[in-house]
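Below is one structure, written out as structure tokens; comments come after it.
Chain A is the first sequence line, chain B the second, and so forth, proteins listed ahead of strands; every chain is numbered from 1. These values consider heavy atoms only, across backbone and side chains, with no hydrogens, waters or symmetry-generated copies.
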Amino acid sequence: MDGVLGMGGYAAYVWPAYGITAVVMLGLLITSLREMRKNESQLAALKQAHPRRRARAEEGQS
Amino acid sequence: MHRFANPARFLRAAQLVLPWSAGLTVALLAAGLYLGLLGSPADYQQGETVRIMYVHVPSAWMGLFVYSNMAIASAVALIWKHPLADVVAKASAPVGAGFTFVCLVTGALWGKPMWGTWWAWDARLTSMLILLFLYLGHMALVNAFDDPTRGAKAGAVLALAGFVNVPIIKYSVDWWNTLHQPASVTRVGMPAVDPAMLTPLLLMGLAFTTFFVTLLILRVRSELAATKIRAIRMVQVHGG
Amino acid sequence: MRRFVEIVRRDLRLALRQGSDSVMVVTFFVLTVVLFPFGIGPEVNILERVSAGILWVVALLASMLSLDRLFQADYEDGSLELLALTPTPLGVVVAAKVVAHWLTTGLPLIVAAPVLAVLLHMNADGFGVLLIAMALGTPTLSLIGSIGAALVLGARRGGVLLSLLVLPLYVPVLIFGVGAVDAAVQGFESQAQLLVMGAILLAALPLAPWASAAALRQALE
Amino acid sequence: MRRFVEIVRRDLRLALRQGSDSVMVVTFFVLTVVLFPFGIGPEVNILERVSAGILWVVALLASMLSLDRLFQADYEDGSLELLALTPTPLGVVVAAKVVAHWLTTGLPLIVAAPVLAVLLHMNADGFGVLLIAMALGTPTLSLIGSIGAALVLGARRGGVLLSLLVLPLYVPVLIFGVGAVDAAVQGFESQAQLLVMGAILLAALPLAPWASAAALRQALE
Amino acid sequence: MMDASSIFAGEGLACLRGERLVFARLDFQVEAGEALVLVGPNGSGKSSLLRLMAGLLAPMDGRLVWNGAPVADDREAHAARCHYVGHHDAIKPVLTVRENLAFWARLHSDDHRAEVAVAEALDAFGLIHLADLPGKLLSAGQKRRLNLGRLLAAPAPLWLLDEPITALDRASIKGLEAVMASHLAHGGMVILSTHADIDLPTARLLALDGFKPRPVALEAW
Amino acid sequence: MMDASSIFAGEGLACLRGERLVFARLDFQVEAGEALVLVGPNGSGKSSLLRLMAGLLAPMDGRLVWNGAPVADDREAHAARCHYVGHHDAIKPVLTVRENLAFWARLHSDDHRAEVAVAEALDAFGLIHLADLPGKLLSAGQKRRLNLGRLLAAPAPLWLLDEPITALDRASIKGLEAVMASHLAHGGMVILSTHADIDLPTARLLALDGFKPRPVALEAW
Ligand code: HEM
Ligand SMILES: Nc1ncnc2c1ncn2[C@@H]1O[C@H](COP(=O)(O)OP(=O)(O)OP(=O)(O)O)[C@@H](O)[C@H]1O
Ligand SMILES: Nc1ncnc2c1ncn2[C@@H]1O[C@H](COP(=O)(O)OP(=O)(O)OP(=O)(O)O)[C@@H](O)[C@H]1O
Ligand SMILES: [Mg+2]
Ligand SMILES: [Mg+2]
């Protein structure tokens, strides 16, 4: 176990590398998800408030 | 409305792809990390630090790949005026910037034990830094206009102009004699890497790619929703 | 061609009448270069060692700063849309404006460079190559910069944004420009670097006006 | 005082909402600093020797570039004349805008400086003093720069003109800023230089807003 | 705030713009509850006179008085009692309609009063349903209405309006006329310039075409 | 140059601004000697249609044809046959009235013809006595007249005028009407937008308020 965590004396470089990668990737994932949730819920709320728009949109599509 | 290829179709397709890409990302990451951290030997020269490779190299590939992806999307947007292409380009930029950043930081962390310095001004390192600036410039430009479509179009021209940099980064190591290693995996013909290291490397590369696809879907969905919100707002202002 | 000359002439006349851009660019160049001895200290051998680099970096900055207004004034007062509506391809209009820009800013930079080189104690062997490299490099800067200037039209915070877009694209000119001068100073051949600079210029000559014209069309929509 | 806070709050809000100026200033700072190793070459000992000078010169340039828009947007959309017509002395308005400008540009510069110092291989002993010197110097830059920004309002070619007016006034900050850091790097006391910088800041604090207000009145005529 | 006995007057005013005398020896007087309409062909000096009344322009000769006291003696007091609506809209594209208005309201009166007044102003100019939209989405007419909203968002006796009805559709013009009439009925003053007809009680006309702009040099000789 | 049998037409035009559909399925046709007047409330798309006709804006759908040939096939030819007068004046403050006009004239026709035409244009719009004044000293109405002068400074059959009478006083409006009538009598075409009344022979009206602007995103869902 010490072999893996210790990384042959290079733990101070290897683990931060993986750590930074994880932080950036998770950060991207979380911000993207949050943004999407926010926008989609806002859109749903707006559609709720303006149900007529939906009808009009469908009519416009035909 | 032929120009406005139906985003609804995209959303349906994305809905199908999303669980697969997300699931694959998790599975590939698990396998890649296991092999990379436990199941592969240390390098006879570089020792355990070689394990940094499994995040450093895939993120470098992704940095270049995402930019190429953006340039293609931009060309599509400019030539065929496909609105989804603009959205894809815009949604890709922050992800590409993220990967490029990871490549730089992990490279620096690798450089300290290997070369004895965090940073050196050699061709590949600096051209990667420039790539990061190209991403940042693209993000800034796209958001610098009051009218989002204007920003998208300007961004498309910039992405194409900046694409010149990608081959320079890719081949800088071959053209100039530098500290950094030349390509050994992606070189034409047989890769010059031990399969025990090649397997986790390729697994991580695939994992990063599916991760990118997942993020792209989320971000495009978000962007499309934002467009629609703006549209509804606009109707409120001007009375649809 | 007649129209090309006409546009160059107008831009030159405008530059001359309104507080002459060239004087300001040169002054910025001189002032900023002069700041460095204050910052770095007066040691001759260090200054000499970094002189080519400083000259080129500041030349990039000067060129970039003046680019800010390349299309801006014409865009704001509506001249640009009329220029786009003349019976001339927009790329030609861009090329004419770039030529005028280079004549009023690039050329003065070239003239000022040797003087500043003396100030920074550059080895006199480098002067000839410095001039040639600048003559090949500054038009490339104007050309590449025109793309950025066209892109930021109508953007908020155009000035700073422009630097973010243009500086990364300037890097090759910087590398080979410095390389040529340094080689000459150290007594090597600098032909290879100058050839590359020429090649970059030749490539930018048709591509940049075309890309700028595309960007301008977007801005005028 | 209430109005002062009100104006600072508005400017901060504007800066945050519109594509964040600060990000761009920092990027310009980083980009330009990064250009120098291209120009000067990668040798560690030379880079280390010139690092303080380069950081300060580029910080001056970054501050100056962002000043371009300090009053410009308000001038163009007519807000500035309305601000001049509020029951607040114009000097207070200027001071509020300068504070907001410093918070959005000077502060990020201070944060970015140590990172760049690492890139330029600066000796770690200088970091603390670099931060203090920047904290004393950047507000002075914003204050002095506001005079230039007010003077060039309405002038065409604002950007380059501004640099001419402002850069010479920046020289004292540059000299003492670099002096402080260099002293620290070489293991000397840098208190004297820092005291002078503090004094300059104290002097600029009342004088600059007053001078800028006078210049603004001219521009609004 | 509004005093039924205030008098605003100009005595022997002369105005110089760009070396040309726009008008000279101009007198006017407005009492509480009165309106003054400036008319005249293009370039006759309507806008100049309004800026002069607001204090943005210094008269070359003559003076403005409020209740017998020269306006020039206390700029801030004059700024507190007048609202100026010029050609520019002073609308920040990234702030919402409410935020735009609230900022100006808070600069003129205290926070609580401002809150109430902003709501009133939004109502009077039909902006309520737009209150949370960013300024950039507004059409030209809506922008103008927002700009006029400042008149009600903070009380001030003297309104100076430069061609207030440009870009307004018929309904909005009626609304503005009602707002002005009520202001006059409460003892306010309105001075406005226009090319079209505006329906106002107690309005007197001031025709500016009597003064032919003339180079000053001739006078001075 | 002016062909008595030309026809300019639009077929099924749709226009997208920002992200909104301003109008769709719009057809029009103008023959030599005919005038078309665009009317509609603010934001109904008059300016957009004119820009589209000039080729500054690409139609999202539909096409423009000149004598049966699609305009999009040859931008330069279309530019050569139309004059566009928009909201911006395209006047350089440092060039004199004559120089301003001569530049545009020379871009459209050869030097000698331009000389004569410029003199005619100055005369027709009452600018002769202002010919040597720099653009910056002009009042709003004079600027507009100078901008309209381009119509006569180089001949072109198709005139596209966006609210040409704003800022003009009564006498100038009469003058413009005479110029347009003579252009029509010689087989030219005039397409203009206006909020006020314009007196023109052979004028047909095109009302744009039938199309409620609608966001495109809604269509696509
Ligand atoms: C901040 C510093 C660094 C940066 C910006 C950087 C950048 C890159 C880039 C862009 C690639 C992709 C190459 C391609 O696809 O052809 C790459 C690959 C690679 N890097 Fe780095 N690198 C850095 C530091 C290092 C260090 C210190 C080492 C090891 C001593 C290293 C070892 C490698 C290896 C082995 C590859 C794979 C090459 C291949 O097989 O294709 N890198 N790096
Ligand atoms: N900033 C300026 N600098 C110099 N001269 C100016 C300036 N602004 C206006 N002028 C000149 O002053 C004169 C009066 O201009 P002013 O704008 O007051 O006219 P106006 O009556 O408001 O005209 P309009 O009906 O076009 O609004 C004009 O002859 C103009 O040329
Ligand atoms: N540059 C632009 N970007 C995005 N949308 C725009 C742009 N210009 C105009 N619009 C929108 O397009 C619509 C049509 O505008 P346009 O300027 O054609 O109207 P108009 O009929 O000329 O109005 P006006 O009478 O005010 O001149 C408006 O709703 C406006 O908000
Ligand atoms: Mg006026
Ligand atoms: Mg219009």
Let me know if [X] has heavy atoms under 4.5 Å from chain D in its side chain, its backbone, both or neither.
X	answer
Arg51(E)	side chain
Leu52(E)	neither
Ala77(E)	neither

For residues [X] and [Y], determine if any side-chain heavy atom of one lies less than 4.5 Å from a side-chain heavy atom of the other.
X	Y	answer
Leu107(E)	Ile7(D)	yes
Val94(E)	Leu14(D)	yes
Leu83(D)	Trp104(E)	yes
Arg106(E)	Arg9(D)	yes

(message) Please determine whether the number of non-hydrogen atoms from other residues, nucleotides or ligands lying under 6.0 Å from atom CD of Gln29(E) exceeds 12.
(response) yes
(message) Does Arg75(E), at its CZ atom, have more than 12 non-hydrogen atoms belonging to other residues, nucleotides or ligands within less than 6.0 Å?
(response)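 Atom CZ in Arg75(E) is not packed in, count stays at 12 or less.
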(message) Return the OG to CG distance between Ser79(D) and Asn100(E), rounded to the nearest 0.5 Å.
(response) 8.0 Å
(request) Could you tell me which non-hydrogen atom of Arg13(D) sits nearest to which non-hydrogen atom of Leu95(E), and how far apart they are? (result) CD-CD2, 3.7 Å
(message) Show the nearest heavy-atom pair for residues Ala90(E) and Gly78(D), with the distance to one decimal.
(response)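 Smallest heavy-atom distance, with atoms named: CB-C, 3.9 Å.
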(message) Let's test your reading of the structure: which of Thr88(D), Leu82(D), Leu220(D) forms the most heavy-atom pairs below 4.5 Å with chain E?
(response) Leu82(D)
(message) Taking Lys92(E) first and then Asp11(D), would you say they form a salt bridge - that is, a charged N and a carboxylate O separated by under 4.0 Å?
(response) no
(request) Below 4.5 Å from any heavy atom of chain E, which atoms of Arg10(D) appear? Answer side chain, backbone, both or neither. (result) side chain
(request) Assess whether side chain to side chain contact (heavy atoms under 4.5 Å, CB included) is satisfied between Glu81(D) and Leu56(E), documenting all intermediate values. (result) CA-CA 7 Å; Glu81(D) 46 191 49; Leu56(E) 287 170; 3.9 Å; yes
